[in-house]
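Just so it is clear: chains get the letters A, B, ... in the order the sequence lines come, proteins before strands, and each one is counted from 1.
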Amino acid sequence: MASTNRCLASLARLSLSTSTTRSLVVSTIPKFLVPSVATPLVRYASGSGSGGMKKKAPKKKKTYKTFRSYDLSPMDQVSLCDAMRYLRAFEVGQSPSSVKYEVSIKLKTNKNGPVIRNRIRLPFPFKTDTRIAVICPEDSPLALEAQQLGAVAVGEESLFESIRQGNIPFNKLICHTDSEAALKKANIGKMLGPKGLMPSAKTKTITSDFKATIHELLGADEYRERNGVVRMAIGQLGFTPSMLSENVKKLMETVKTDINEVDDNFVKALDEVVLSTTHGPGFSLNGKFNPTDDKIKVEHLQSVM
Amino acid sequence: MPERSGRQAKFFETDQAPRRDRYQVPTPRLIQSVPGERSSSIDITMVGVIKRMNVLRSILNIRLGPGAAVLPQDVTRIHMEFAKNIEDGHMGPRKFFKENLPRLKFWNPSVPMIVNRTANQHGPSTLSLYFREGGTGATEFTMPSSSTKGHAKAPEPVEGERVVTIDMKNRRSEMILKDFMDTTGAVPVTPTPQEEAELKDLAELHKRSEIDREIGRKQQEARRREAAMLAQARSEAAALKAGD
């Protein structure tokens with residue numbers, strides 16, 4: 001039934017259609033056999049000549065070259081001691097050695113281009129869990145020396161083998177220049193790369209004088225810019241305001257020199273500095289030190305936590 | 001956080017413009033997200049200023065509320081001991097520690113407040129208050145730091161010090177606070193008119209976010225329903241194919 005109806009409908013359209021241009025088609029093929037050619041649906045109410053609603057092209061998302069930088073005027077910025085007062089209140093009753101102060105330095109920077117990355121020795125170091133492994137020829141005097149300096153793992157092929165098996169008992173890896181070729185051949189970049197352990201001359205972890213490097217690594221800390229922000233633990237909850245300010249100062253100085261070293265073709269500038277703790281909120285710092293409340297002295301922020 | 005103008009040495013400089021004096025309350029907007037459009041292309045740098053400020057405004061709750069009180073000069077230190085979980089009457093002390101102690105610490109930053117949390121659920125739960133006797137000068141003492149492993153036992157009072165111990169077991173935090181205030185004679189902090197206005201703003205914001213959350217929840221539900229239907233249709237189609 002349906003098929004006859006359709007036939008009738010196309011026949012009816014045929015009889016209504018008055019176009020003369022299509023006579024060519026008619027002459028060769030009966031129109032009702034090719035209804036789509038015979039009766040182009042013309043819609044008069046929709047405007048535009050071609051007929052039908054025009055589909056809007058999907059809106060193209062705007063892309064930015066730089067990371068977003070916010071207007072800081074709605075942000076209440078506080079002095080270091082004020083931030084510490086709040087954070088110490090938030091962290092009351094927590095173990096002072098396990099809770100850390102953290103600092104986030106937001107930069108005005110391009111999404112691509114060079115990133116800031118460096119090693120820093122804070123005036124008041126607090127990390128004691130640095131375990132160093134050294135890649136150097138096995139059973140050489142170098143290996144003995146490395147062990148004496150406190151390396152947890154020393155060797156060449158034995159070390160590579162343990163790394164391949166996923167046994168990584170260290171969090172810093174140094175390579176002696178003599179073993180550089182062996183390291184390249186070992187093909188362990190896949191294992192070490194994501195952990196940031198792969199030695200390279202750029203990070204000064206391929207060295208001929210690993211005595212100096214080990215000394216630098218012990219009690220030193222690394223920072224790097226990720227997504228336009230440098231984040232770093234800066235102290236323990238037990239630190240006094242002056243200790244914390246020394247550490248922050250040192251970090252800011254190093255970051256600033258790093259920024260100055262960046263090529264002028266790239267955008268790189270300091271935007272905001274935020275201090276927080278393990279459980280506390282983040283306080284945007286205004287660069288001042290003293291508490292704003294008259295009743296609070298710096299000494300008050302030094303009590304046992 | 002009112003900022004007073006004072007000559008303080010800046011210990012670092014940022015390249016930012018000077019900030020406006022008065023923080024203007026941002027009007028919360030109802031942002032309708034497009035379903036299926038996730039923030040993949042948005043920078044994952046640092047959370048936006050307004051969002052962070054809204055979180056930070058909740059620090060009002062650490063300045064004001066039950067427990068916001070200034071202790072008199074003769075309180076030298078405070079020690080709390082209770083178990084990690086709530087069983088056997090340790091709920092009150094835990095709530096006191098979570099809700100009231102931070103406020104006390106904010107207003108009395110120089111008073112050591114040591115918390116000893118133990119694994120012994122049937123152990124005691126005490127609040128020890130140390131007072132200076134006779135209003136003499138500073139009392140010298142050594143104090144263990146807080147511990148979650150039961151290492152920070154309440155120290156013996158030194159010379160010129162007396163201890164008042166409050167048993168917190170099986171008591172509500174409100175009652176513990178009341179006892180605390182009565183024993184120490186602490187003066188509660190009342191909000192200034194400006195702070196009251198801020199509190200009101202904050203309450204309004206929370207009301208708004210409740211509405212927003214409801215909208216978001218509905219959108220998410222719709223998205224999940226659609227996804228589930230699609231998955232079901234796909235699995236059915238796959239089953240049909242396998243049947244052929």
Side-chain angles (χ1 to χ4, degrees), chain A residues 61 63-64 67-68 70-80 82 85-86 88-98 104 106 108 111 227-229 238 245 248-249 252-253 256 269-274 281-290 292 296-297 299-305, chain B residues 1-4 6 8-20 23-26 41-50 52-53 55-59 62-63 70 77 80 97 101-117 142-149:
Chain A
K61 259 185 198 163
T63 50
Y64 296 91
F67 282 110
R68 195 184 287 184
Y70 297 93
D71 172 22
L72 285 175
S73 53
M75 197 76 200
D76 270 343
Q77 294 191 313
V78 296
S79 72
L80 185 78
D82 281 355
R85 184 184 175 189
Y86 275 108
R88 281 166 67 90
F90 270 98
E91 300 285 2
V92 67
Q94 303 288 350
S95 167
S97 57
S98 60
S104 306
K106 171 130 173 53
K108 280 177 188 156
K111 282 181 185 172
N227 293 319
V229 187
S245 96
V248 176
K249 248 191 239 173
M252 296 309 296
E253 274 167 20
K256 269 184 190 168
L270 220 53
D271 194 3
E272 193 188 1
V273 183
V274 174
F283 288 89
S284 193
L285 298 180
N286 63 5
K288 291 171 184 164
F289 176 72
N290 286 328
T292 41
I296 304 296
K297 301 259 156 32
E299 305 88 77
H300 292 165
L301 299 167
Q302 298 178 1
S303 60
V304 190
M305 283 301 287
Chain B
M1 283 164 290
E3 196 183 87
R4 293 192 196 136
Q8 292 173 342
K10 280 203 166 193
F11 67 97
F12 65 79
E13 305 262 346
T14 48
D15 306 344
Q16 71 211 19
R19 74 183 197 90
R20 239 184 289 146
Y23 165 57
Q24 286 180 338
V25 179
S41 66
I42 292 175
D43 310 342
I44 338 159
T45 165
M46 237 154 105
V47 184
V49 165
I50 303 278
R52 265 193 287 150
M53 201 54 222
V55 173
L56 211 51
R57 280 160 85 199
S58 318
I59 57 168
I62 216 163
R63 273 188 285 164
V70 179
R77 44 184 167 159
M80 279 183 85
F97 160 65
L101 202 66
R103 294 191 183 116
L104 279 167
K105 183 70 186 173
F106 177 78
W107 287 105
N108 311 282
S110 59
V111 179
M113 298 178 186
I114 304 306
V115 178
N116 190 26
R117 283 180 277 178
T142 51
M143 195 78 179
S145 38
S146 300
S147 167
T148 50
K149 295 186 178 77

Among all residues two or more places apart in sequence or in another chain, which pass the salt bridge (charged side-chain N to carboxylate O under 4.0 Å, His left out) test with B:R52? A:E272
Heavy atoms only, distances under 4.5 angstrom: which of A:R88, A:H300, A:R85 has the most pairs with chain B? Name it, please. A:R85
B:M46 and A:V274, any side-chain heavy atoms less than 4.5 Å apart: yes
Can you tell which part of B:R103 gets under 4.5 Å to a heavy atom of chain A, answering side chain, backbone, both or neither? neither
Under 4.5 Å between any side-chain heavy atoms of A:D71 and B:V49, yes or no? no
Do the side chains of A:E91 and B:S146 get nearer than 4.5 Å, heavy atoms only? no
What one should report as the nearest heavy-atom pair of B:I62 and A:A89 is CD1-CB, 3.9 Å
On a heavy-atom basis, which atom in B:I50 and which in A:P74 lie closest, and how many Å separate them? CD1-CG, 4.0 Å
Minimum heavy-atom separation for A:P281 to B:L56, with atom names? CB-CD1, 4.0 Å
State the CE-OG distance between B:M53 and A:S73, to the nearest 0.5 angstrom. 11.5 Å
B:F106 meets the ring pair (Phe, Tyr, Trp, His ring centres under 6.0 Å) criterion, sequence neighbours left out, with A:Y86
Is the closest side-chain heavy-atom distance between A:F90 and B:I59 below 4.5 Å? yes
Between B:P144, B:P109, B:P112, the one whose heavy-atom pairs under 4.5 Å with chain A are most numerous: B:P109
